[in-house]
Visitor: 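Encoded as structure tokens, here's the structure I'll be asking about.
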Amino acid sequence: MSHELVVLLLKLQANLTPSDFQIVLRFESHLPLKEGKELYIDLGEVPYSQYLIEGPTGAFSIKSIKPISGADGQIVRLINSTAYDMTIVNDKTANPLRILCPNESNLNLKGKNSSVTLQYSRSLSKWTVLGYATIEKQVTRKFHAIGKSNIHRQNSSWDTFDELDIEITPTNSTIYLNFNAAGRRYLLASAKFRILVNGSPIPGLEIRASNSSEFYNASLPMYPLEVTPGEKIKFSVQWFREGSALSVIYNHPSSDQSHNRYLTIID
């Protein structure tokens, strides 16, 4: 297994806020480590939410991550942009920069754009894996539902957001939900949405639309959902109108090109 030393490079882009920046963790091939030695990452003193890993010429492992000074609860996402396996090493030692993985075993993430999200606890002196996504060399299945009819909502109660029903039998333990809705609102109405699994709303997931003048837009990109492979699941969407008794929300894709509604499931 080939490993290489880590250095930090900051990729800055114009017109971005600090939270939009990404740090690139580049593995410089001219600074090789000894065979089998795990990598140590220093995140520096400026907090960023995403770290893009690029450059390795072989499979690599990450064992220790140094958080920013005084950090407690810091959350980071490491994204592997290479074609090689990334392994997060489960460290049971007293190392204060250790990582603890699910099932107390190393976490092997295959494929380009696989990622892991970690959180640091200062009191426990450890990083914990919050979630991960791996993209292996397999066929990705996508299921689409697109609403085409004109609908509106005036009652302040949950009701069906028409034509966004999808039924699948997943092959993976994690699938991804993508949802979008755009339309018009009347008399300061607001819209919110929820996705149902087998008739029950996903706990804690409520999508509130953002408003701009007389229009609204709601979006949910790549929401991970844990499922049981081989068990059939039915998805549907509901919407809710907030506002006065005369307020209305419209979704008219057949007569207005700025309106849309769709649900996509990636398995």
Side-chain angles (χ1 to χ4, degrees), residues 50 77 79 111 113-115 117 130-136 138-186 189-243 247-267:
Q50 296 195 99
R77 182 179 181 222
I79 304 170
N113 295 323
S114 59
S115 65
T117 302
L130 296 182
Y132 60 91
T134 182
I135 304 174
E136 301 186 44
Q138 60 183 21
V139 176
T140 299
R141 303 191 304 162
K142 295 184 179 181
F143 303 85
H144 304 282
I146 302 174
K148 298 180 180 180
S149 62
N150 289 347
I151 58 176
H152 68 275
R153 185 72 182 154
Q154 187 169 5
N155 293 337
S156 56
S157 60
W158 289 105
D159 198 10
T160 302
F161 200 37
D162 295 354
E163 302 170 307
L164 297 189
D165 298 315
I166 296 178
E167 188 173 287
I168 71 169
T169 301
T171 58
N172 296 291
S173 59
T174 302
I175 61 176
Y176 296 89
L177 314 182
N178 293 272
F179 167 77
N180 198 83
R184 184 170 60 89
R185 63 196 190 105
Y186 176 67
S190 293
K192 59 182 181 180
F193 304 85
R194 63 186 186 185
I195 299 175
L196 283 66
V197 176
N198 295 329
S200 299
I202 298 175
L205 179 61
E206 193 171 280
I207 309 155
R208 187 175 296 275
S210 59
N211 298 321
S212 177
S213 184
E214 62 189 87
F215 302 99
Y216 69 83
N217 184 278
S219 180
L220 178 72
M222 293 297 288
Y223 180 85
L225 182 67
E226 299 295 322
V227 296
T228 302
E231 289 190 5
K232 186 177 295 185
I233 308 174
K234 184 176 181 180
F235 294 91
S236 58
V237 180
Q238 291 182 333
W239 62 338
F240 187 103
R241 189 273 299 159
E242 293 182 314
S247 300
V248 187
I249 46 178
Y250 298 91
N251 192 268
H252 285 180
S254 68
S255 58
D256 190 328
Q257 292 184 350
S258 68
H259 291 217
N260 67 67
R261 64 181 184 274
Y262 64 81
L263 176 66
T264 299
I265 312 292
I266 301 177
D267 177 19

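The first residue of the sequence shown is numbered 1, and numbering continues consecutively from there.
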Visitor: Evaluate the side-chain proximity of L205 to L225: yes if any heavy-atom separation is below 4.5 Å, no if none is.
Guide: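 The answer is no; the side chains never approach within 4.5 Å.
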Visitor: Roughly how far apart are L164 CG and H144 NE2, rounded to 0.5 Å?
Guide: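 Going from the CG atom of L164 to the NE2 atom of H144 covers 13.0 Å.
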Visitor: Grab the two heavy atoms, one from E226 and one from T174, that are nearest each other, plus how far apart they are.
Guide: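 Nearest heavy atoms, E226 then T174: OE2-OG1, 2.9 Å.
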Visitor: Evaluate the side-chain proximity of M222 to N178: yes if any heavy-atom separation is below 4.5 Å, no if none is.
Guide: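 Touching, per the 4.5 Å side-chain cut-off.
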Visitor: List the steps, then state whether salt bridge (Lys or Arg N to Asp or Glu O under 4.0 Å) holds for K192 with E242.
Guide: CA-CA 8 Å; K192 59 182 181 180; E242 293 182 314; 3.5 Å; yes
Visitor: Can you name the nearest heavy-atom pair linking I207 to A218, along with the distance?
Guide: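 Looks like CG2-CB, 4.0 Å.
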Visitor: Give the minimum heavy-atom separation between A182 and S258, together with the two atoms involved.
Guide: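 That would be CB-O, 3.8 Å.
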Visitor: Are P253 and N150 side-chain neighbours, meaning at least one heavy-atom pair lies under 4.5 Å?
Guide: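 The answer is yes, as the side chains (C-beta and beyond) meet within the 4.5 Å cut-off.
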Visitor: With side chains defined as the heavy atoms from C-beta onward, is the minimum distance between V197 and V227 less than 4.5 Å?
Guide: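 In short, these two side chains do not touch, never coming nearer than 4.5 Å.
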Visitor: Would you indicate whether the side-chain heavy atoms of T160 and S236 approach each other to under 4.5 Å?
Guide: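 Side-chain contact under 4.5 Å: no.
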Visitor: Of all the heavy-atom pairs spanning I166 and F143, show the shortest one and how long it is.
Guide: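 In terms of heavy atoms, the two residues are closest at CD1-O, 3.5 Å.
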Visitor: Does any N or O in the side chain of R241 come within less than 3.5 Å of the main-chain N or O of S247, such that one atom is a donor and the other an acceptor?
Guide: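 Checked: pair present.
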Visitor: So, D267 side chain and I175 main chain: donor-acceptor pair closer than 3.5 Å or not?
Guide: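 Not a single qualifying donor-acceptor pair exists.
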Visitor: Just so I know, are the side chains of F235 and I168 near enough to count as touching, which here means a heavy-atom distance under 4.5 Å?
Guide: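 Yes, side chains in contact.
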Visitor: Taking atom types as modelled and ignoring hydrogens, do the side chains of N217 and S212 form a donor-acceptor contact shorter than 3.5 angstrom?
Guide: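 Distance-only check fails for N217 and S212.
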Visitor: Would you say that S156 contacts F240 through its side chain, given a criterion of any heavy-atom pair below 4.5 Å between the two side chains?
Guide: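 Yes, side chains in contact.
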Visitor: What orientation do W239 and F161 show, parallel under 30°, tilted 30 to 60°, or perpendicular over 60°?
Guide: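 Rings of W239 and F161: tilted, as their planes differ by 30° to 60°.
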Visitor: More than 12 heavy atoms of other residues, nucleotides or ligands under 6.0 Å from OH of Y250: yes or no?
Guide: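 Yes.
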Visitor: List the atom of F193, the atom of A209, and the distance in Å for their closest heavy-atom pair.
Guide: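 What the structure gives for the nearest pair is CE1-CB, 4.3 Å.
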Visitor: Would Y223 and I202 count as a side-chain contact (heavy atoms from CB on, under 4.5 Å) if you check the C-alpha gap in whole Å, the side-chain angles of each, and the deciding distance to 0.1 Å?
Guide: CA-CA 11 Å; Y223 180 85; I202 298 175; 4.1 Å; yes
Visitor: If you define the side chain from C-beta out and look only at heavy atoms, does anything of R261 sit under 4.5 Å from V237?
Guide: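 In short, these two side chains do not touch, never coming nearer than 4.5 Å.
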Visitor: Please determine if R184 and D256 form a salt bridge, counting it only when a charged side-chain N lies under 4.0 Å from a carboxylate O.
Guide: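 D256 and R184: not salt-bridged.
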Visitor: Could you check whether any side-chain N or O of R77 sits under 3.5 Å from a backbone N or O of I79, counting only pairs where one atom can act as donor and the other as acceptor?
Guide: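 No, because the side chain of R77 does not come within donor-acceptor range (under 3.5 Å) of the backbone of I79.
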Visitor: Taking N260's backbone N and O only, do any of them form a donor-acceptor pair with N251's side chain (distance below 3.5 Å, no angle check)?
Guide: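 Here the side-chain-to-backbone pair exists.
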Visitor: So, for L196 and P201, which heavy atoms are closest and what is the spacing to 0.1 Å?
Guide: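 Residues L196 and P201, closest heavy atoms: CG-N, 3.8 Å.
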Visitor: Is there a donor-acceptor pair under 3.5 Å between the side chain of N180 and the backbone N or O of Y262?
Guide: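 Not a single qualifying donor-acceptor pair exists.
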Visitor: What distance separates I233 CD1 from I265 CD1, expressed to the nearest 0.5 Å?
Guide: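 Here the rounded value is 8.5 Å.
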